[in-house]
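For reference, the structure is listed below as structure tokens.
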Amino acid sequence: MSRIENQFTVQFWGVRGSIPCPGPNTVRYGGNTPCVEMQVAGKRLIFDGGTGLHVLGQSLLRQMPIEAHLFFTHSHWDHMQGFPFFVPGFVKGNNFHIYGAIAPDGSTVEQRLNDQMLHPNFPVPLQIMQANLHFHDVQPGQPIHINDITVETAALNHPGEAVGYRVNWRGGAAVYVTDTEHFPDTLDENVLWLARNADILIYDSTYTDEEYHSPKSPKIGWGHSTWQEAVKVAKAANVKTLVIFHHDPAHDDDFLDQVGAQAFAKFSGAIMAREGMVLQVPVSVPLSESFSVSNFSA
């Protein structure tokens with residue numbers, strides 16, 4: 001078995017929320033909207049299709065043909081605006097399994113991706129894509145199985161609804177929980193369940209508590225959380241590494257440096273999401289496979 005088939009990695013291609021914000025003040029953390037890639041047991045899982053998906057797509061052109069599983073949390077613009085610019089989707093011979101929950105209006109993820117590429121919004125329709133696109137409706141609370149990988153799902157607290165995902169493989173777990181708003185008097189049971197004993201928790205920390213409760217411009221009801229709430233969840237769920245994610249476009253690099261220092265002071269496992277960052281999830285490797293890998297490497 002090859003080394004990559006024994007690995008579980010998480011790579012960040014887009015870490016911002018709301019709108020892309022490229023510029024000299026966002027270079028260190030990045031300005032692309034959400035896209036996180038997990039490579040698990042030789043399978044490629046992609047979470048959300050913000051503008052970071054375009055950057056990921058460019059890197060994949062050297063590896064074709066490509067097969068990947070693309071999971072959407074929801075279809076607000078910042079999470080799907082990179083899909084029409086995902087170049088591997090236009091290349092015949094590539095295969096993509098695309099997952100998303102049915103929206104409150106009854107539309108499927110296929111319908112919503114199709115609608116954003118119709119005139120007058122976009123010059124070419126979804127049907128121009130030459131890759132094989134297989135669409136799957138997600139039912140929050142129901143697991144998804146990809147060989148021996150299990151992807152657990154749960155509903156999040158967000159206007160228009162959203163889905164959180166937990167990827168489990170060989171005792172390792174990485175959780176993607178973005179676009180969720182915390183409750184005022186209790187921790188979200190769905191979030192706690194997804195995050196339970198996770199190696200990595202990627203959590204929507206768009207605001208600070210001060211911004212969220214600002215007397216002049218409160219963010220209550222906007223569908224996002226704070227880094228302080230992220231720390232509460234991480235501690236309560238016994239998370240090893242907390243990734244502060246979905247940075248507000250108004251937060252420049254210096255501001256995020258401050259957030260990172262404050263979060264680390266409260267929880268030593270807290271780190272800030274940055275474009276290009278790669279994290280390893282520890283997994284249990286059967287002795288027989290460990291032996292074969294070491295022999296092959298020698």
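Just so it is clear, the structure is predicted and the values come from calculations on it, not from any experiment.
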Residues which pass side chain to side chain contact (heavy atoms under 4.5 Å, CB included) with [X], listed by chain and number, not counting sequence neighbours:
{"X": "Ala250", "answer": "Asp248"}
{"X": "Arg196", "answer": "Glu152, Arg166, Trp193"}
{"X": "Gln116", "answer": "Met80, Phe83, Pro84, Leu113"}

task = Would you please name every residue forming a salt bridge (charged side-chain N to carboxylate O under 4.0 Å, His left out) with Arg112, sequence neighbours left out?
result = none
message = Taking salt bridge (charged side-chain N to carboxylate O under 4.0 Å, His left out) as the definition, give me every residue that meets it alongside Lys240, ordered by chain and number, with sequence neighbours left out.
response =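 Partners of Lys240 under the salt bridge (charged side-chain N to carboxylate O under 4.0 Å, His left out) test: Asp199.
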Listed partners of [X] passing ring pair (Phe, Tyr, Trp, His ring centres under 6.0 Å), at least two apart:
{"X": "Phe86", "result": "Phe96"}
{"X": "His251", "result": "Phe255"}
{"X": "Phe47", "result": "Phe71, Tyr165, Tyr176"}

query = Below 4.0 angstrom, N of the basic side chain to O of the carboxylate: do Glu37 and Arg44 qualify?
reply = yes
ask   = What ring pair (Phe, Tyr, Trp, His ring centres under 6.0 Å) pairs are there with at least one residue in residues 9-28, not counting sequence neighbours?
value =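 Sorted result for residues 9-28: empty, none.
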Phe264, CZ: over 12 other non-hydrogen atoms inside 6.0 angstrom = no
Connected hydrophobic set around Tyr212, excluding itself, where side chains approach under 4.5 Å =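 Taking Ile, Leu, Val, Met, Phe, Trp and Tyr as members, Tyr212 shares its hydrophobic cluster with Tyr207, Ile220, Trp222.
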ask   = Hey, what else clusters with Phe183 if you join Ile, Leu, Val, Met, Phe, Trp, Tyr whenever side-chain heavy atoms sit under 4.5 Å?
value = none
Only pairs under 3.5 Å count here: list side-chain donor-acceptor contacts from residues 131-141, not counting sequence neighbours, and write none if there are none.
from, atom 1, to, atom 2, distance (Å)
Asn132, ND2, Asn95, OD1, 3.0
His136, NE2, His97, ND1, 3.3

